[in-house]
Amino acid sequence: MNERKTVYKVFWVWNFEKEEDWLNEMAMTGWALVSVGFCRYTFERCEPGEYIFRLEMRAGDPGYTDFVTSTGAEYIGRVFQWIYFRRKAEYGSFDIFSDIDSRIDHLSRIGRVVGLIGLANLLIGLANSLNGSSIGFINLLMATLLMYGLGRIHGKKEALERERLLHE
């Protein structure tokens with residue numbers, strides 16, 4: 001019988017690399033992700049370092065998932081637009097992004113989603129505030145937080161664009 005544990009943890013969308021690093025650290029200590037939900041991660045015992053985990057924000061595309069699994073990866077699950085994959089470490093390195101441009105495209109997808117949600121919160125917060133509602137500040141606070149995250153994503157994108165210029 002496999003030993004399981006569930007961990008509840010929050011990661012901001014602009015810190016997806018930290019989430020991926022954490023999943024790989026868990027695998028290095030013998031815990032492999034087997035199921036994922038909103039802020040919920042279910043792990044099963046494995047050999048330490050048996051798996052490498054990757055995640056990507058991508059709209060529903062079964063062809064893409066089939067492509068990634070054809071490389072020997074396993075589809076773990078999806079939370080909103082985030083897809084989780086794992087692959088046995090014995091197969092070698094496992095990268096979803098093949099080059100700098102694909103990493104920039106990924107950050108652009110994340111930025112569009114964060115920007116749209118931030119704009120929606122800003123508009124709702126302003127409308128609620130103008131109507132005298134006392135809860136408008138929550139949306140304005142969320143919009144501020146999301147705009148901060150958008151700035152972080154933009155900074156990562158700019159760093160990759162500078163790196164790309166160095167390699168051209």
>> Check for me, please, whether Tyr8 and Phe43 land in the same ILVMFWY cluster - side-chain distances under 4.5 Å, paths through other members count.
In response: no
> Is Phe97 reachable from Val68 through a run of I, L, V, M, F, W or Y residues, each pair having side-chain heavy atoms under 4.5 Å apart?
Replying inline: yes
> Is Glu56 salt-bridged to Arg58, cutoff N-O under 4.0 Å?
Replying inline: yes
>> Can you give me the closest heavy-atom contact between Leu122 and Ala143, atom names plus distance?
In response: N-CB, 3.6 Å
>> According to ring pair (Phe, Tyr, Trp, His ring centres under 6.0 Å), who are the partners of Tyr64, at least two apart in sequence or on a separate chain?
In response: none
> How long is the gap from CG on Leu150 to CG on Leu116, to the nearest 0.5 Å?
Replying inline: 10.0 Å
> For the residue pair Tyr51 and Phe53, does the interplanar ring angle fall in the parallel (under 30°), tilted (30 to 60°) or perpendicular (over 60°) class?
Replying inline: tilted
>> Rounded to the nearest 0.5 Å, what separates atom CZ in Arg103 from atom CG in Leu160?
In response: 7.5 Å
> Hey, which of Asp105, Asp99, Asp101 is the one that makes salt bridge (charged side-chain N to carboxylate O under 4.0 Å, His left out) with Arg164?
Replying inline: Asp101
> Would you find more than 12 non-hydrogen atoms of other residues, nucleotides or ligands less than 6.0 Å from Tyr75 atom OH?
Replying inline: yes
>> My understanding is that only residues two or more places apart in sequence, or in another chain, count here; which of them pass ring pair (Phe, Tyr, Trp, His ring centres under 6.0 Å) with Phe16?
In response: Trp82, His106
> Checking side chain to side chain contact (heavy atoms under 4.5 Å, CB included) for the pair Phe94/Phe85: CA distance, chi angles, key distance, verdict?
Replying inline: CA-CA 10 Å; Phe94 175 38; Phe85 295 102; 3.9 Å; yes
> Of all residues at least two apart in sequence or in a different chain, which pass the ring pair (Phe, Tyr, Trp, His ring centres under 6.0 Å) check with Tyr41?
Replying inline: Trp22
> About how many Å separate CE of Met147 and CG of Asn121, when rounded to the nearest 0.5 Å?
Replying inline: 8.5 Å
> Is there a chain of hydrophobic side chains (I, L, V, M, F, W, Y, each step under 4.5 Å between heavy atoms) that links Ile117 to Val79?
Replying inline: yes
> Mind checking whether Ile104 and Ile110 sit in one hydrophobic cluster, side chains of I, L, V, M, F, W, Y counted as touching below 4.5 Å?
Replying inline: yes
>> Is there a continuous path of hydrophobic side-chain contacts, each under 4.5 Å between heavy atoms, that joins Leu23 to Ile76?
In response: yes
>> Determine whether Leu33 and Met26 satisfy the following criterion, side chain to side chain contact (heavy atoms under 4.5 Å, CB included), listing intermediate values before the conclusion.
In response: CA-CA 8 Å; Leu33 182 71; Met26 292 294 288; over 6 Å; no
